[in-house]
Amino acid sequence: MTSSFKSIKLETDGSLAFLTINRPDVRNALNQETVDEMHLALRDVSCNESVHVLVITGAGDSSFVAGADIGELRDRGKREALQAINQNLFTAVENISQPVIGAINGYALGGGCELALACDIRIASDAARFGFPETGLGIMPAAGGTQRLPRIIGWGRARELILTGRILDAFEAETLGLVSKVVSTTELMGEARTMADKIACRGPLATRMAKLALNASARGGLDVGLQIEKLGQAILFESRDKMEGTTAFLEKRKPKFNGE
Ligand code: COA
C-alpha cells in the first residue's frame, strides 16, 4: 500500500512501513503541512495491525531533516510556541506502539535531530550530521531536544552540544551513543530494512510491550517503568504469542506469531 501525501511518502511493504520526509529542495525542513501529514501517517501506521516496524528517513542524499522550516518559524509567536507543534509530533513518534527506526541519511539538525531522538533506534549513513543550531537563531531546541538528548547521551555532552551548536559527524554520534550504527549511504536503507526485519519477526505484542516499558521509564522514571514492565509481562504471559513462542522453541521450529 502506498499513500499519497504532498510533503511525505508513506509506503508499506509486508510488515514494514517507510515514512520519507519529502522536501529535498529545502533539505526536508518541517513545515506545518509536513507536520500535519506526518500525524496522519502515524495514525495510519498505528491503526495497521500488520505493520510491525516503522522506518523514518529523508528524501535525497544530503539531508534527513534540516529542522523546522525557518521561514514559518520566523513569523511564529509565543502562542504557536506554546502549541508545541513539533514537540507534539515527536512525542507521537515516540508513543506509536510499533518500534521506530530512524535511518539518518544526512543533516539531522535542530528539529531533525529531535525527530531522530524520538525514534527507538537510530542508524546513520556516513554522510549524516547532527546538531542543534537553534541558539544561533535566537531560539532553543524545544521539540524534546533539551529533554531527550541528555537521557540518551548524558547531561554533560548534551549541555555542550545544545549550548555550542557544534555539529557532529556520524562517527562521533556513534561514539556518543547517539546512533547505534554507521554504514555507507548506499547501505543505509538495506541496513534499516535488515534491522526492521529482525524486529518484525519477533513477537509483535512483545516488542510493543517492551517499547511501552522503555518509554514509561524514560518518561516516568524507574518506579513507573518497573510497574509497567510487570504489567506488560503479565499481559504477555496470557497471550497466544507467548504460548506459540515457547512451544516453537521446545518443538525446535520457527514461531508463527499473530500478535494476540
Ligand atoms: N528551513 C527552511 N529552509 C531551509 C532550511 C530550514 N530549516 N534548511 C535549508 N533550507 C533551504 C535553504 O534556505 C535553501 O533554500 P533556497 O534554495 O531557496 O536558497 C535550500 O533549503 C538549500 O539549503 P542550503 O543551505 O543551500 O543547502 P546546503 O546543502 O548548503 O546546507 C544545511 C544544508 C542543512 C546545512 C543548511 O541548509 C542549514 O544550515 N539549514 C538550517 C538548519 C537549521 O538551522 N535548523 C534548525 C531550525 S530551528
Side-chain angles (χ1 to χ4, degrees), residues 5-9 19-39 56-94 102-119 122-150 152-153 157-174 176 178-179 182 184-186 188:
F5 292 103
K6 220 171 136 200
S7 298
I8 64 168
K9 282 189 284 182
L19 191 167
T20 306
I21 294 114
N22 191 23
R23 300 180 77 216
D25 291 350
V26 288
R27 305 298 182 261
N28 303 320
L30 297 177
N31 64 354
Q32 186 64 55
E33 179 178 74
T34 314
V35 170
D36 292 343
E37 289 188 353
M38 285 181 72
H39 275 295
I56 300 181
T57 193
D61 285 339
S62 76
S63 191
F64 173 65
V65 169
D69 188 302
I70 297 172
E72 282 190 357
L73 195 139
R74 193 182 51 172
D75 298 330
R76 287 184 178 161
K78 61 176 178 292
R79 266 180 230 278
E80 288 89 351
L82 288 169
Q83 282 169 13
I85 296 166
N86 286 353
Q87 193 191 84
N88 289 338
L89 174 65
F90 303 154
T91 298
V93 169
E94 188 174 71
I104 320 299
N105 55 307
Y107 289 110
L109 301 180
C113 199
E114 292 172 310
L115 170 59
L117 294 171
C119 297
R122 288 159 290 284
I123 56 175
S125 82
D126 51 15
R129 299 286 180 273
F130 298 83
F132 292 91
E134 284 92 337
T135 51
L137 297 167
I139 56 172
M140 60 182 272
T146 63
Q147 304 305 305
R148 291 194 179 96
L149 186 67
I152 292 171
I153 68 166
R157 306 270 194 197
R159 283 170 194 267
E160 186 237 319
L161 293 181
I162 287 170
L163 297 176
T164 65
R166 184 166 70 83
I167 306 292
L168 302 181
D169 67 21
F171 297 101
E172 189 179 354
E174 185 182 25
L176 294 183
L178 183 51
V179 302
V182 180
S184 70
T185 300
T186 49
L188 181 66

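Every number for a ligand or one of its atoms is a count from 1 in the order of the listing. As a basis for the values below, the full set of heavy atoms in this structure was taken, side chains included, without hydrogen atoms, waters or symmetry mates.
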Undergrad: Is there at least one pair of N or O atoms, one from Leu137 and one from ligand 1, spaced under 3.5 Å apart?
TA: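 The answer is no, given that Leu137 and ligand 1 share no N or O pair closer than 3.5 Å.
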Undergrad: For a quick check under 3.5 Å, do Asn31 and Thr34 share a side-chain donor-acceptor pair by atom type?
TA: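 There is such a pair between these side chains.
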Undergrad: Specify the protein heavy atom at minimum distance from atom 30 (O) of ligand 1: its residue, its atom name, and the distance to 0.1 Å.
TA: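 Protein heavy atom with the smallest distance to atom 30 (O) of ligand 1: Arg27 NH2, 4.8 Å.
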Undergrad: Looking only at protein heavy atoms, identify the closest one to atom 33 (C) of ligand 1 and say how far it is in Å.
TA: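 Result: Tyr107 CE1, 3.7 Å.
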Undergrad: For atom 39 (O) of ligand 1, which protein heavy atom lies nearest, and how many Å away is it?
TA: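 Ranked first by proximity to atom 39 (O) of ligand 1 is Leu109 CD1, 4.3 Å.
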Undergrad: Ala68 to ligand 1: N or O pair under 3.5 Å?
TA: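 Checking ligand 1 against Ala68, an N or O pair does fall under 3.5 Å apart.
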Undergrad: Gln83 and Asn88: which non-hydrogen atoms are nearest, and at how many Å?
TA: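 Shortest heavy-atom contact: O-ND2, 3.0 Å.
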Undergrad: Would you indicate whether Asp61, at its atom CG, is surrounded by more than 12 heavy atoms from other residues, nucleotides or ligands within a distance under 6.0 Å?
TA: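 No, the 6.0 Å shell around CG holds no more than 12 heavy atoms from other groups.
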Undergrad: Do Gln147 and Leu117 make a side-chain contact, defined as non-hydrogen atoms from C-beta onward lying under 4.5 Å apart?
TA: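 No - every pair of side-chain heavy atoms lies 4.5 Å or more apart.
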Undergrad: With a 4.5 Å limit on heavy-atom distance, are the side chains of Met140 and Phe132 in contact?
TA: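 Met140 vs Phe132: side chains apart.
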Undergrad: Please name the pair of heavy atoms, one in Asn22 and one in Ala59, separated by the smallest distance, quoted to 0.1 Å.
TA: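 Looking at all heavy atoms of both residues, the shortest contact is OD1-CB, 3.3 Å.
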Undergrad: I'd like to know if atom 35 (C) of ligand 1 has any protein heavy atom within a distance of less than 4.0 Å.
TA: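 Yes, because at least one protein heavy atom sits under 4.0 Å from atom 35 (C) of ligand 1.
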Undergrad: Do NZ/NE/NH1/NH2 and the carboxylate oxygens of Arg166 and Glu172 come within less than 4.0 Å?
TA: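 Salt bridge: yes.
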Undergrad: May I ask you to say whether Lys6 pairs ionically with Glu37, meaning some side-chain N is under 4.0 Å from a carboxylate O?
TA: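 No, this pair does not count.
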Undergrad: Nearest non-hydrogen contact with atom 41 (C) of ligand 1 belongs to which option: Asn31, Ile70, Val26, Thr135?
TA: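 Shortest heavy-atom distance from atom 41 (C) of ligand 1: Ile70.
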Undergrad: Heavy atoms of the protein only: does one fall short of 4.0 Å from atom 16 (P) of ligand 1?
TA: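 It does not; no protein heavy atom is within 4.0 Å.
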Undergrad: Under 4.0 Å and counting heavy atoms only, is there anything from the protein next to atom 10 (N) of ligand 1?
TA: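 Answer yes: something from the protein, a heavy atom, is under 4.0 Å.
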Undergrad: To the nearest 0.1 Å, how far is atom 20 (C) of ligand 1 from its closest protein heavy atom, and which atom is that?
TA: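 The closest one turns out to be Asp25 O, 3.3 Å.
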Undergrad: Among protein heavy atoms, which sits nearest to atom 45 (N) of ligand 1, and what does the distance come to when rounded to 0.1 Å?
TA: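 So the nearest neighbour among protein heavy atoms is Ala66 O, 3.0 Å.
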Undergrad: Measuring to protein heavy atoms, does anything land under 4.0 Å from atom 13 (O) of ligand 1?
TA: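 No, there is none.
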